[in-house]
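To start, the structure under review is shown below, and the notes come after it.
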Amino acid sequence: MTPADNRARDVVDVDPYDQDNGAIPVFRWRQAGPAYATRRQLRVMGLRPGGQEPVARIECRRGARFAWLYRVDLALPKRTPTLAQEAALDRAMAARQQCPGPCRRRYHHCLPLRTLGTCLECYDGTPADPSSYIARRGPATGQPPSTVKTGF
């Protein structure tokens, strides 16, 4: 075998995500045009990349920050989750939003369970804004806990 044959067998692997190889066009901020969009822009349009690889890159802050660009014409519509998937996501979010303390409220935001272990009201008595949580219903009557008659 000659050295020329060995060179012909060498395969060059080009990584499209590599920043320095020049294989992907790089656009400056607001210069990409309407044919390209980032993942976030696709999501706003109701689309997803659909398995396509990034075709360009947009840079801002002198290249310190960048985002991958995808072709809008190759993007596919977003998939809608099934009811079982939505129920699983709701259970997962409930685990992060519900206070394990005595109040058992479910808040509209995630609680600091790793650091505090409960909501702020249960932790140190800081009053919670009533619009920040979902009021818990009574056991069988469907009324808020303060109006449930206990029989005493």
| For Trp68 against Ile24, the heavy-atom pair lying closest together | CZ3-CD1, 4.0 Å
| Is there side-chain contact between Arg39 and Tyr70, with heavy atoms separated by less than 4.5 Å? | yes
| field | Check against side-chain contact (heavy atoms from CB on, under 4.5 Å), Arg104 and Gln98 | value | CA-CA 6 Å; Arg104 305 291 298 166; Gln98 188 169 0; 3.6 Å; yes
| field | Closest contact, heavy atoms only, Cys119 versus Leu111 | value | CB-CD2, 4.1 Å
| message | If hydrophobic clusters are built by linking Ile, Leu, Val, Met, Phe, Trp and Tyr wherever their side-chain heavy atoms come under 4.5 Å apart, do Val26 and Tyr36 end up in the same one? | response | no
Sequence neighbours left out, cut at 3.5 Å: what donor-acceptor pairs do the side chains of residues 72-82 make with other protein atoms?
residue, atom, partner, partner atom, Å
Asp73, OD1, Arg71, NE, 3.1
Asp73, OD2, Arg71, NH2, 2.8
Thr82, OG1, Gln85, N, 3.2

| Is Leu113 linked to Tyr107 within one hydrophobic cluster, defined over Ile, Leu, Val, Met, Phe, Trp and Tyr using a side-chain heavy-atom separation of less than 4.5 Å? | yes
| Side-chain H-bond candidate by donor/acceptor type, Arg106 with Gln97, under 3.5 Å | yes
| Got more than 12 heavy atoms from elsewhere within 6.0 Å of CZ, Phe27? | yes
| So if you build clusters from Ile, Leu, Val, Met, Phe, Trp, Tyr with side-chain heavy-atom gaps below 4.5 Å, do Phe66 and Leu69 land together? | no
| request: Grab the two heavy atoms, one from Thr118 and one from Cys99, that are nearest each other, plus how far apart they are. | output: CB-SG, 3.9 Å
| request: Find out whether Ile134 and His108 are in side-chain contact, i.e. whether some heavy atom of one side chain is under 4.5 Å from a heavy atom of the other. | output: yes
| query | So among Leu89, Leu83, Asp90, which one has a side-chain contact (heavy atoms from CB on, under 4.5 Å) with Glu86? | reply | Leu83
| Test side-chain contact (heavy atoms from CB on, under 4.5 Å) applied to Cys110 and Met93, step by step | CA-CA 8 Å; Cys110 294; Met93 287 306 295; 3.9 Å; yes
| request: Before accepting this row, confirm whether a basic side-chain N of the pair Glu59/Arg28 lies closer than 4.0 Å to the acidic partner's carboxylate O. | output: yes
| Backbone N/O of Ala128 and side chain of Glu121: donor-acceptor pair under 3.5 Å | yes
| Shortest non-hydrogen separation from Cys122 to Cys103 and the atoms involved | SG-SG, 3.5 Å
